[in-house]
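Structure record follows, encoded as structure tokens.
Hydrogens, waters and symmetry mates are skipped; everything else that's a heavy atom, side chains included, is used. Every chain is numbered from 1 and lettered A, B, ... according to where its sequence line falls, protein lines coming before strand lines.
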Protein chains: 2
Amino acid sequence: MSEEDLGALLARATRRLLKEEQPLLAAQELSMWAYIVLSRLASSPAETQLSLAGEIGYDKSRLIGLLDGLEGEGLLRREPDPADRRAKIVALTALGQARYEAARLAIREMEMRLLDGVEETEIVRLRQLLAGLSAE
Amino acid sequence: MSEEDLGALLARATRRLLKEEQPLLAAQELSMWAYIVLSRLASSPAETQLSLAGEIGYDKSRLIGLLDGLEGEGLLRREPDPADRRAKIVALTALGQARYEAARLAIREMEMRLLDGVEETEIVRLRQLLAGLSAE
DNA sequence: TATTGTTATACTCTATAACTATA
DNA sequence: TATAGTTATAGAGTATAACAATA
């Protein structure tokens, strides 16, 4: 019984990736959670802050301050939903979209550097297996 | 630019694995950090608490309470090093070894269940790639 | 003077509860 | 009455500093 736990292997790889991402995000003046929020909003606005919190696995009360900061920097907007005046639609601004794409690009290049020498088909399979492991 | 970040994929897979491990560890009355300590000690004792802390990436001051608990349960011993009376050698007891192996076995079975249907050679390759990503 | 184990302290992150305004 | 956003508070987890014993 000497093979390492899969969980430990995954945890270490994750830690490594996050560590490599840190300086790239800092260069865009983004925290990890800020980047996660921008990632989620890049494809489409969030209906409510509550749904946004749920989708990214973040607490709705902590989300407030995070959005305050991002809105203050002009990276996103909170628009009151005309259909439900309690709710706010959260959407990226053009600046936010650009900032996200810059961070994303830097991260993508870092990932390719880490996987240098690995066949494209193997990377695809790796992604498949990771997605499969994530599925509940 | 629609492919998901590798870091995000890894983070989700890790979260899933740790979530699945939780009840298995609880059944052995072990916390995640306790299991990590036992894992490290299973192969050989630690020279000092400081080196143990460094090896598992845990704070040396927090390690104290954790070891106190494990020692109280009789899962490990702290023996003063005859060569350096400041240091304490940390080693598993037979009970600790057994407890570790029980947890390890349950986790191994859970991992196999999650990877059910995946070819053995692919699992080997997955482990290789994860180890490669972890290496500094 | 430096290091090991330890304790105490401060800080960050996270979760919970309570409040308001709308529905 | 229930829900969205917000604020305040409490808790867990983590990091930092200081201390006694030994090197």
Side-chain angles (χ1 to χ4, degrees), chain A residues 7-8 11-12 14-15 18-19 21-22 25-26 29-37 40-41 44-72 75-92, chain B residues 7-8 11-12 14-15 18-19 21-22 25-26 29-37 40-41 44-72 75-92:
Chain A
R12 251 211 316 267
T14 302
R15 218 173 308 132
L18 297 189
K19 186 181 167 188
E21 286 185 13
Q22 213 98 313
L25 292 176
E29 297 185 69
L30 292 174
S31 70
M32 183 63 68
W33 279 115
Y35 177 67
I36 292 172
V37 164
R40 162 58 192 85
L41 299 178
S44 68
E47 305 261 330
T48 68
Q49 294 185 185
L50 198 60
S51 67
L52 172 58
E55 282 161 3
I56 66 176
Y58 202 59
D59 194 83
K60 68 164 185 169
S61 63
R62 283 190 294 151
L63 185 60
I64 311 286
L66 184 55
L67 294 185
D68 286 347
L70 293 173
E71 190 172 31
L75 301 181
L76 57 78
R77 281 181 315 248
R78 280 191 266 205
E79 298 168 1
D81 183 344
D84 183 343
R85 283 170 35 217
R86 294 173 302 180
K88 295 180 181 176
I89 297 168
V90 188
L92 287 193
Chain B
R12 251 211 315 266
T14 301
R15 218 172 309 133
L18 297 189
K19 186 180 166 188
E21 286 185 12
Q22 214 97 311
L25 292 175
E29 297 187 69
L30 292 174
S31 69
M32 184 62 68
W33 279 114
Y35 177 67
I36 292 172
V37 165
R40 161 59 192 84
L41 299 178
S44 68
E47 306 261 331
T48 67
Q49 295 186 182
L50 199 60
S51 67
L52 172 57
E55 283 161 2
I56 66 175
Y58 202 60
D59 194 82
K60 69 163 182 168
S61 63
R62 282 190 295 150
L63 185 60
I64 311 287
L66 184 55
L67 294 184
D68 286 347
L70 293 172
E71 191 172 31
L75 301 181
L76 56 80
R77 281 180 316 250
R78 282 191 265 205
E79 298 166 2
D81 183 343
D84 182 344
R85 282 167 39 214
R86 294 173 303 180
K88 295 180 182 176
I89 297 168
V90 188
L92 287 193

Going by the rule side chain to side chain donor-acceptor pair (under 3.5 Å), which residues pair with [X] if we only count those two or more places apart in sequence or in a different chain?
X	value
A:Glu29	none
B:Gln49	B:Arg78
B:Ser51	B:Thr48

From the options D:dA4, C:dG5, C:dT6, select the nucleotide whose nearest atom is closest to the side chain of B:Thr48. C:dG5
To the nearest 0.5 Å, tell me how far [X] [atom1] sits from [Y] [atom2].
X	Y	atom1	atom2	value
A:Leu92	A:Ser44	CG	OG	9.5 Å
A:Ile36	A:Leu41	CD1	CG	12.0 Å
B:Asp81	B:Arg86	CG	CZ	10.0 Å
B:Leu70	B:Leu30	CG	CG	7.5 Å
B:Ile56	B:Leu66	CD1	CG	7.0 Å

Within a radius of less than 6.0 Å around CD of B:Glu71, do more than 12 heavy atoms belonging to other residues, nucleotides or ligands occur? yes
Could you tell me the separation between the [atom1] atom of [X] and the [atom2] atom of [N], rounded to a whole number of Å?
X	N	atom1	atom2	result
A:Leu50	C:dA23	CG	P	16 Å
B:Arg78	C:dT4	CZ	C1'	12 Å
A:Trp33	C:dT14	CH2	C1'	10 Å

Between the first and last five pairs of the helix from C:dT1-D:dA23 to C:dA23-D:dT1, the angle of the axes, rounded to 10 degrees: 10°
Which residues, if any, of residues 54-71 of chain A bring a heavy atom under 4.0 Å of DNA chain D? A:Lys60, A:Ser61, A:Ile64
Is there a side-chain contact between B:Val37 and B:Leu76, using heavy atoms and a 4.5 Å cut-off? yes
Tabulate protein N/O versus nucleotide N/O from nucleotides 21-23 of chain D, keeping only pairs under 3.5 Å, one per line.
unit_1	atom_1	unit_2	atom_2	d
D:dA23	OP1	B:Arg85	N	2.9

